[in-house]
Structures are given as C-alpha cells and as structure tokens.
Amino acid sequence: MRPAPLSYPEITTERLRLVCPAAPDFDATVAYLMPGARRFINQNPDEDSVWWSIATIIGHWHLRGYGHFAVIEKATGIHVGLVGPWFPKGWPEPELSWQLLEGSGGKGYASEAARGVLDWLFRDKSWASCISLVQEHDARSSALVERLGARAEGVFHHKMTGDMRIWRHLPKTKAGRKLLEGLA
C-alpha cells in the first residue's frame, strides 16, 4: 500500500510564513546548508551533522505527514528557524518544538510561530493535544511554553537527552480549558 501524497501546508502569521521544508519549492540547501547560512542556536559545528539534521527534518514529513516548518520573516524573506510538531522514535507522543537561528531570539518569533502551528494542529489536523519537552535548566523555553498556555505534567527521560519536563498543550476551547484545569 502506498501512502497518500504528501500535502505541503503553509501557515501565515502577522510577521511570519511557515513553510514545509520538504516542499519542492523550498531550497533547504540554500536556507541551512550553504557556507554563510545562519547557524542554529547550539548547532554542532560539524557540517555533516547539520546535513543529517536537515535531512531528518525533511524525512520526518514523509514518514509522519507533518513536521517542523521553516520559519521565514515575511518582510525580509530571512529564515529565522524551524518550529513544528516532532515525533521521533522513542518520544512519548508528538511534541511541539522549536529551533531558532542565531540572531533570531528575543523577537517573539518562537511564540508567534508556535501559536500558528498549534492553531493548525488543533483546527486542521484535529489533534486533541500535544506536548513540549523542555530541559529543566532551559528558562527561556519554560517561559515560552507557559506563555503558550501549556501546563507542566511530569518528567520524561530519554537516553540521549536526559530528563525533560513534559508540558501539555490543549486547544483554546471550553473543553481544552476544562482538561487543563484538571491537570493543575
């Protein structure tokens, strides 16, 4: 049985365009792999590792039918990072995650893009919830998930990443609020 053809959604927010990096009209090589491309925060300096990471992000779309979106400033066309759902082998359930490029932090891009992705997941994909996994020492990401309305609900341990706090995202509906209140 062949999987259904992959659709390449695009999400638009006030300042950003979120596009699928697996789409045929997106050039991930130019955006992330060419000499001089802006680096991901905490990126391994090894160019081969970066190539594998980008290939994994694109492959995730083909394996799961969803994944990280390339985040682009509307006004400039500059790539500012990747934000989207992520569900690799060994994860407890689908996660909303983000990776910004150097120089893109502190501008509200992660929260704006994450809100757009959450709206897409809950409205268009009919997800009931998703999580974000945040390492305890990552104060910026913890603050971001709180601004997004997520609630802490436990700890997940992974052999490669160690302990991470589980944050639950639910739709901004009456039923979602009721579920969040039950988690507190």
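Just the heavy atoms: all of them, side chains too, but no hydrogens, waters or symmetry mates, feed the values below. As the structure is a computational prediction, the values presented were derived from the model and not from experiment. Nothing fancy with the numbering, it's 1 onward along the sequence.
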Asker: Looking at side-chain heavy atoms only, is the closest gap between Pro85 and Leu121 below 4.5 Å?
Answerer: yes
Asker: Could you tell me whether the side chain of Arg151 and the main chain of Gly149 form a donor-acceptor pair under 3.5 Å?
Answerer: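 Between the backbone of Gly149 and the side chain of Arg151 there is a qualifying donor-acceptor contact (under 3.5 Å).
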Asker: Measure across Thr161 and Gln135 and return the closest heavy-atom pair with its distance rounded to 0.1 Å.
Answerer: O-NE2, 2.9 Å
Asker: Any side-chain heavy atom of Tyr66 within less than 4.5 Å of one from His60?
Answerer: yes
Asker: Checking side chain to side chain contact (heavy atoms under 4.5 Å, CB included) for the pair Glu112/Glu14: CA distance, chi angles, key distance, verdict?
Answerer: CA-CA 8 Å; Glu112 183 176 334; Glu14 183 181 339; 3.9 Å; yes
Asker: Given the rule in the side chain to side chain contact (heavy atoms under 4.5 Å, CB included) test, do Trp127 and His169 qualify, once you have shown the distances and angles that lead to the verdict?
Answerer: CA-CA 10 Å; Trp127 284 22; His169 301 276; over 6 Å; no
Asker: Under a 4.5 Å cut-off applied to non-hydrogen side-chain atoms, are Arg115 and Thr13 in contact?
Answerer: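 No, their side chains stay 4.5 Å or more apart.
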Asker: Give, for atom CD of Glu73 and atom CZ of Arg17, the distance between the pair rounded to the nearest 0.5 Å.
Answerer: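 The CZ atom of Arg17 is 12.5 Å from CD of Glu73, to the nearest 0.5 Å.
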Asker: Is there side-chain contact between His79 and Leu101, with at least one heavy-atom pair below 4.5 Å?
Answerer: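 The answer is yes; the side chains approach within 4.5 Å.
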Asker: Taking the side chain as every heavy atom from C-beta outward, state whether Ile166 and Leu133 have any pair of such atoms under 4.5 Å apart.
Answerer: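 A side-chain contact exists here, since the closest heavy-atom pair is under 4.5 Å.
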Asker: Roughly how far, to the nearest 0.5 Å, is the CD1 atom of Ile72 from the CD1 atom of Ile78?
Answerer: 11.0 Å
Asker: For a quick test of reading the model, state the closest non-hydrogen atom pair linking Val134 to Val145 and the distance between them.
Answerer: CG2-CG1, 4.2 Å
Asker: According to a hydrophobic-cluster definition based on side-chain heavy atoms being under 4.5 Å apart (Ile, Leu, Val, Met, Phe, Trp, Tyr only), do Met164 and Val155 belong together?
Answerer: no
Asker: Among Trp61, Trp86, Tyr109, which one satisfies ring-ring contact (aromatic ring centres under 6.0 Å, His included) with Phe69?
Answerer: Trp61
Asker: Can you tell me how far apart CH2 (Trp120) and CG (Leu18) are? Round to the nearest 0.5 Å.
Answerer: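 Answer rounded to 0.5 Å: 10.0 Å.
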Asker: Could you walk me through whether Arg15 and Val80 pass side chain to side chain contact (heavy atoms under 4.5 Å, CB included), step by step?
Answerer: CA-CA 11 Å; Arg15 300 178 295 161; Val80 298; over 6 Å; no
Asker: For Gly65 and Lys125, which heavy atoms make the closest approach, and how far apart are they?
Answerer: O-NZ, 3.8 Å
Asker: What distance do Leu82 atom CG and Ile54 atom CD1 have between them, rounded to the nearest 0.5 Å?
Answerer: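 The distance works out to 5.5 Å.
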Asker: Answer yes or no: is there a side-chain heavy-atom contact under 4.5 Å between Leu118 and Cys130?
Answerer: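 Contact flag for Leu118/Cys130 side chains = yes.
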Asker: Working to the nearest 0.5 angstrom, can you tell me the gap between Trp52 CH2 and Ile57 CD1?
Answerer: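 Between Trp52 CH2 and Ile57 CD1, I get 14.0 Å after rounding to 0.5 Å.
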Asker: Give the C-alpha distance, both sets of side-chain angles, the deciding distance and a yes or no for side chain to side chain contact (heavy atoms under 4.5 Å, CB included) between Trp167 and Ser141.
Answerer: CA-CA 11 Å; Trp167 292 85; Ser141 290; over 6 Å; no
Asker: With Ser129, which residues qualify under side-chain hydrogen bond (donor to acceptor under 3.5 Å, both in side chains), at least two apart?
Answerer: Arg168
Asker: Taking all atoms of both residues into account, what is the closest heavy-atom pair of Phe26 and Cys20, and its distance?
Answerer: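 Looking at all heavy atoms of both residues, the shortest contact is CB-O, 3.8 Å.
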Asker: Is the closest side-chain heavy-atom distance between Asp124 and Asp119 below 4.5 Å?
Answerer: no
Asker: To check you understand the geometry: which heavy-atom pair defines the closest contact between Leu16 and Lys74, and what is its length?
Answerer: O-CE, 3.5 Å
Asker: Go through the structure and list residues passing ring-ring contact (aromatic ring centres under 6.0 Å, His included) with Phe87, not counting sequence neighbours.
Answerer: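 Listed in chain order: nothing, the list is empty.
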Asker: What are the two closest heavy atoms between His158 and Gly90, and how far apart are they?
Answerer: CD2-O, 3.9 Å
